[in-house]
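Structure, as structure tokens:
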Amino acid sequence: MSTGPLQLRGRVLKLDRVGDYQHLTLVAPGVAERTRPGAFVALAVGGDHSATLLRRAFSIYRAKASGVYGGTVEIVFAVHGPGTAWLADRRPHDEIDVIGPLGRPFALPKEPVPCVLVGGGYGSAPLFGLADRLRERGCSVHMVLGAASESRLFGTVQAKRSAQSVVVTTEDGSVGTPGRATDVLPDLLARTNAAVVYACGPMGMLSAIAALAEQHGVWSQCAVEEQMACGVGVCMTCVLPVRGDDGVVRMVRSCVEGPVFRGDRVLWADAGTIPAGTLGAPRVGGHA
Amino acid sequence: MSTGPLQLRGRVLKLDRVGDYQHLTLVAPGVAERTRPGAFVALAVGGDHSATLLRRAFSIYRAKASGVYGGTVEIVFAVHGPGTAWLADRRPHDEIDVIGPLGRPFALPKEPVPCVLVGGGYGSAPLFGLADRLRERGCSVHMVLGAASESRLFGTVQAKRSAQSVVVTTEDGSVGTPGRATDVLPDLLARTNAAVVYACGPMGMLSAIAALAEQHGVWSQCAVEEQMACGVGVCMTCVLPVRGDDGVVRMVRSCVEGPVFRGDRVLWADAGTIPAGTLGAPRVGGHA
Amino acid sequence: MTVTSQPAAVVDSSSDVGAASGPVVDLAIELAGVRLPTPVMTASGCAAAGRELAPFLDVAAIGAVVTKSVRLDPRSGRATPRMVETPSGMLNSIGLQGPGIDAFLATDLPWLVSHGARAVVSIAGGSLGEYAELGRRVGSSPGVAAVEVNISCPNVENRGLVFACDPFQAARAVSAARRGIPRDVPVLAKLSPDVTDLVSIADSVMEAGATGLTLINTTLGLAIDHDTMRPVLAGTTGGLSGPAIRPLAVRCVWQVHQAMPDVPIVGVGGVRTGRDAFEFLLAGATAVQVGTVVFHDPSAPHRVANELQVALAARGLRSPAEAVGLAHQPRPRPEGTDD
Amino acid sequence: MTVTSQPAAVVDSSSDVGAASGPVVDLAIELAGVRLPTPVMTASGCAAAGRELAPFLDVAAIGAVVTKSVRLDPRSGRATPRMVETPSGMLNSIGLQGPGIDAFLATDLPWLVSHGARAVVSIAGGSLGEYAELGRRVGSSPGVAAVEVNISCPNVENRGLVFACDPFQAARAVSAARRGIPRDVPVLAKLSPDVTDLVSIADSVMEAGATGLTLINTTLGLAIDHDTMRPVLAGTTGGLSGPAIRPLAVRCVWQVHQAMPDVPIVGVGGVRTGRDAFEFLLAGATAVQVGTVVFHDPSAPHRVANELQVALAARGLRSPAEAVGLAHQPRPRPEGTDD
Ligand SMILES: Cc1cc2nc3c(=O)[nH]c(=O)nc-3n(C[C@H](O)[C@H](O)[C@H](O)COP(=O)(O)OP(=O)(O)OC[C@H]3O[C@@H](n4cnc5c(N)ncnc54)[C@H](O)[C@@H]3O)c2cc1C
Ligand SMILES: Cc1cc2nc3c(=O)[nH]c(=O)nc-3n(C[C@H](O)[C@H](O)[C@H](O)COP(=O)(O)OP(=O)(O)OC[C@H]3O[C@@H](n4cnc5c(N)ncnc54)[C@H](O)[C@@H]3O)c2cc1C
Ligand SMILES: Cc1cc2nc3c(=O)[nH]c(=O)nc-3n(C[C@H](O)[C@H](O)[C@H](O)COP(=O)(O)O)c2cc1C
Ligand SMILES: Cc1cc2nc3c(=O)[nH]c(=O)nc-3n(C[C@H](O)[C@H](O)[C@H](O)COP(=O)(O)O)c2cc1C
Ligand code: FES
Ligand code: FES
């Protein structure tokens, strides 16, 4: 009943600038109730006569089941192209067609184990809700927030409330430890005795984290960001090579079977290709 | 030097609702100085990634050469399709790409003669500036404003300041004389001893006015509204059969050779066709 | 996944007001002998096998679900990127990723049947043998409302030339598939617009045993990434779809209906609103499919049907059938001529 | 009408920042032996004979002005409506309205020459005799930078079939026109995308004496008015243009450049920004034309060149020529493979 995505006309409640990002709060009754950390929304952009037809996907940062205005969902985004530029130009009361929540959320540990959460740039957005859930289950939570520079970090203050420990890294050293999130990870995994690492950020970061997790014998849960045309599983654009329980590699849709994957199941180095041996791997190609 | 159209990024100063219409004031320095009554502006709609590429044409209602914000131009429009809906959604400070002033304005009489000005719906917009110019030359000005209903009239109050006499007609009789503008025209032409009738409104009205003017031996100046793709004379979409000084009928561009035409020169009944005898009239057609 | 959804996205029926006062419109149609509750279906490759749309519409209530073209064997499809957004459209190069016909018949088809949907099964082959085998397998499966034969595939036996681009090869593919499909199951041949003479292709696939035509598949396009300075798509070229190509699709329907007014046509290409669907009917289509716009609005096949109902009522038409091909009737005289 | 205009409309060069630090880009190119100050020209039928654009750009500073296709005799063109706006594009059916070649040569050409513009004269005939006669007249006129032969016209001697749709007829039209044009004046054959095999047409017009190709003319489309329920255009069908068809145009340039890398190509179809122009160069075009977008922004041929300059500089390219066909080079390995 309270599963499955909704499609509805959301209404802009607030739009604030946070560093290099926009923080958008949408009134979207019903979505919050169904949201679990790691899920995303797909927003239509550009209005009724839009030349940009494809929906844009955004991790859900926060979801509140009720409130003065009815349930809300919040996202954090960077202006990148026409779709995000349009979103950044919305005003309170404007309508946005929302579909959500979508995708498979982060899997939660059954035991109260130590967890490390790593967010790259706006990739930290879905980690705060996750941290809450983990703490509810008695897990200890340690966070790493990494970005190219200070203005590209999101949620450092909030992280201090959400986690037992927080490490911030920036590549330009403008704040925190200079370097990448993955530089500080081995130490942290060892120090916290982590059982699971959760990660959301660019593919390169996820790939490195999945490898480190394996080296340390730690489970990893990685939220990927593949290009998506529909977000709901009907177009087959968002695929990625993933090894199944049966050992077979398949091109799987990251919108419905992800965006969160077990890090050890994704063939990171082969993303963007059809690795040899994949189910139904290429022969002479047909255009469609 | 101060002739020819400008292209510039105008800025919205005000947007107000007036009856069924929107009244838009744009800061567009330089345009006012060049504007003569009957000229129009062509506005780009839909923003940088617009799916609606063609400009929308609007008669210039008022143009002020200077002011606190620099020169302004004003238009009055009805929301009709996506372009006008987008315009109606603008806010102060928004930018709109403007080209103007465009087109041939109303020709003014050399002598101080009585003039009748007829506006259908928003077609009254360009007549107020015209009235001012005519009065400056000592002409007496009489106005007829006609529309389907009261909310589709524009400028009735202002007309009283602009003209010696004003007749208002509505088809549903909601205000003024029930009927059409053309119903009251013969009487008015006779009573005022008019030398010229100026008209702006739908084709049917213009056609009727041109015929009445001829019957009364009065000059007519009609501002037409043909579908325009460019507004600047390069696309050839806005043509209309017009008889030239040499007696030859040509398909002429209403954006550069109009929108104002001598009523007796337009082949009103043949608009939408290529009348036999037109220069280069149809043979087997080539697609282009 | 059976939550009912709120009303959605694009509505464009400004001049359709006053519809309430129009006649009651029954949206049901008959397409090549099959009764459909509405003339609006999904388009192949834009609805997977229907299941993922269940949260957004009732699959039993829309015209039909046209499934993603299925090949004989499982296929991984092409490498990514598989799509690029383009002005009012998109390019795709999916490469017919799918489970193969056996898995499709074992899983996807029964799901559609058990949920009360009319399943139009799209098949695609790389050789005449494959079309024949696919026709046999699908033809012997219960619950198939119609078969759509996607012939926009390279023919491995003919230098990889696309079947749909040659009247002779197109006919052979359709005829191969047709053989195994029972008489009472309609076969729609889906054509490509990328040909000099569409009518000749239409003619030859009808001769080869098609019951009707689906017009059109995507048109071939290409986009280049400004940063990598290489084609965006891993497959280099891709199929262009969406509202951008609607005028092209409407023209194809028009031309074929003009030449063969009795052939049932399913119009597809850029349908976004009920008025777009109406435009296809006027051009000569009996039904329409919604493809790319489903990505924009997954409730579209349902919404478009509702909007079409309003558009028909506003013009005094009582059924979709009454609109079919109307635009081919002589034009009323231009305004302004009064004799 | 010589007022300079303010900067205009669409700019889309977000990722082109930092261009200031790139190399100095000289936009001049050589197209089939003719030197042009920039690779960005107007497109035929979208700039009349250049004069109307003078308030919005300097006709002497843009690549070239391609004039509206001129027929032998004056033509009234088609009845109105002559255009419909479509998603990210438009349909037109102007019917080659124009003054005829004599008036053109007497008035329009001298205006362009005296204003320092490079005049590319587009000619269109309804028969081989007309092409030959047009070639002779234009060929003997001084000041013609190049001739563009528009062969997307119905051939009255061949059941009204469009020249551009048949390799043989296309070649005959080009060869007829070519005969009267001096060797040193390049002849660009402008092709239609509405064919099954564009490369074969390209091949045959090059054989027939064309110096280069203009790709593409509009693609055939149709729109129906929802209210009258009849085709919107008085001419029924029309040519689809604008950004909607850009992926199609880029694909055509790509295919022809791939097959015939030495043939100079002028790319046209949906160019809106400098990045779009860049995309055409990467696909294999030496120059580009801006058509429909001029209606949106009459300063576009000037603006697009400036934006192209920024795009080239940002990628370390020193001239448009360095970009031509780059996208055909092998792709760098996909990210994520590190061996
Ligand atoms: C599951 C998921 C979660 C995401 N969460 C966030 C988030 O929380 N904050 C945020 O800023 N961004 C997020 N993104 C990326 C976001 O979707 C893109 O930045 C956005 O689509 C760009 O749209 P545009 O029109 O601005 O750019 P354009 O580049 O013009 O977009 C063109 C097309 O490419 C697609 N696209 C472009 N960039 C990306 C990308 N990085 N990932 C996927 N598709 C892309 C768009 O959807 C669109 O179809 C997420 C993406 C996915 C798949
Ligand atoms: C010289 C001139 C002066 C005008 N002055 C005014 C004015 O003062 N106030 C006003 O409200 N309207 C005026 N119009 C009409 C105005 O241009 C159209 O209402 C407007 O273009 C509709 O755009 P849309 O996107 O809302 O509608 P759509 O119907 O979606 O427009 C689609 C296309 O058709 C064209 N078009 C549609 N309707 C008209 C029309 N009536 N005339 C010309 N082209 C049209 C549009 O430009 C566009 O290219 C004038 C038109 C012309 C030619
Ligand atoms: C992502 C995608 C995948 C498609 N896959 C198929 C397919 O498998 N078989 C097929 O016949 N058509 C396929 N098509 C074409 C559509 O069915 C349709 O003919 C075309 O997209 C035009 O319609 P539209 O503009 O509504 O999308 C696909 C289109 C898209 C966008
Ligand atoms: C209104 C209009 C008129 C055109 N007239 C001609 C013409 O006379 N001769 C010609 O070769 N092409 C003509 N074209 C086609 C354009 O030159 C160009 O090839 C096509 O529009 C694609 O480019 P675009 O998308 O930039 O407009 C015309 C196009 C439009 C929109
Ligand atoms: S985005 Fe369409 S299937 Fe995943
Ligand atoms: S609107 Fe383009 S020539 Fe008049």
Side-chain angles (χ1 to χ4, degrees), chain C residues 15-16 79-80 84 86-91 165-166 193-197 219-231 234 236-238 240 242-255 270 272 275 278-280 282-283 311 314-315 323 326-332 334, chain D residues 15-16 79-80 84 86-91 165-166 193-197 219-231 234 236-238 240 242-255 270 272 275 278-280 282-283 311 314-315 323 326-332 334:
Chain C
S15 79
D16 299 343
T80 55
V84 204
T86 67
S88 296
M90 67 179 283
L91 287 170
C165 288
D166 176 70
D194 295 338
V195 295
T196 310
D197 182 2
T219 176
L220 199 65
L222 187 143
I224 298 172
D225 187 298
H226 303 107
D227 293 317
T228 66
M229 301 193 279
R230 295 296 179 282
T236 307
T237 56
L240 182 63
I245 66 162
R246 192 173 64 237
L248 178 58
V250 172
R251 182 264 294 176
C252 290
V253 170
W254 171 277
Q255 284 179 328
R272 186 168 186 166
R275 305 174 107 206
F278 184 50
E279 189 177 5
F280 273 97
L282 293 170
R315 286 155 192 88
L326 266 191
H328 292 262
Q329 295 186 357
R331 220 180 264 274
Chain D
S15 79
D16 300 342
T80 55
V84 204
T86 67
S88 297
M90 66 179 283
L91 286 170
C165 288
D166 176 70
D194 294 338
V195 295
T196 310
D197 182 1
T219 176
L220 199 65
L222 187 144
I224 298 171
D225 186 298
H226 303 108
D227 293 317
T228 66
M229 302 193 280
R230 295 296 179 281
T236 307
T237 56
L240 182 63
I245 66 162
R246 192 173 65 236
L248 177 59
V250 172
R251 183 263 296 176
C252 290
V253 170
W254 171 278
Q255 284 180 327
R272 186 166 186 167
R275 304 174 108 205
F278 185 50
E279 188 177 5
F280 274 97
L282 293 170
R315 286 154 193 89
L326 266 192
H328 292 263
Q329 294 187 359
R331 222 179 263 272

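Per chain, numbering begins at 1; letters A, B, ... match sequence-line order.
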**Q.** Residue selection (most heavy-atom pairs with chain D, distance under 4.5 Å) from Ala79(C), Pro87(C), Ala244(C), Gly242(C)
**A.** Pro87(C)
(Q) So which residue, Asp166(C), Leu248(C), Leu282(C), ends up with the most heavy-atom pairs under 4.5 Å with chain D? (A) Leu282(C)
Q | Gln329(D) portion near chain C, given a 4.5 angstrom heavy-atom threshold | A | both
Q | Interface moiety of Pro330(D) toward chain C, non-hydrogen atoms closer than 4.5 Å | A | backbone
Q: Mind ranking Ala323(D), Pro231(D), Ala223(D), Pro243(D) by heavy-atom pairs under 4.5 Å with chain C and telling me who comes out on top?
A: Pro231(D)
Q: Look only at the side chain of Thr219(D) and the backbone of Asp194(D), and say whether a donor-acceptor pair between them is shorter than 3.5 Å.
A: no
Q: List the atom of Arg251(D), the atom of Leu220(C), and the distance in Å for their closest heavy-atom pair.
A: NE-O, 2.9 Å
Q. Minimum heavy-atom separation for Phe280(D) to Ala249(D), with atom names?
A. CZ-CB, 3.6 Å
Q: Answer with side chain, backbone, both or neither: which region of Leu326(D) has an atom nearer than 4.5 Å to a non-hydrogen atom of chain C?
A: both
Q) Are any of the side-chain heavy atoms of Trp254(C) and Thr236(D) separated by less than 4.5 Å? A) yes
Q | Heavy-atom pair of closest approach, residues Ala283(D) and Val250(D) | A | CB-CG1, 3.9 Å
Q: Please look at Ala234(D) and chain C and tell me whether the side chain, the backbone, both or neither of the residue comes under 4.5 angstrom of a heavy atom of that chain.
A: backbone
**Q.** His226(C) (side chain) donor-acceptor with Glu279(D) (main chain) under 3.5 angstrom
**A.** no
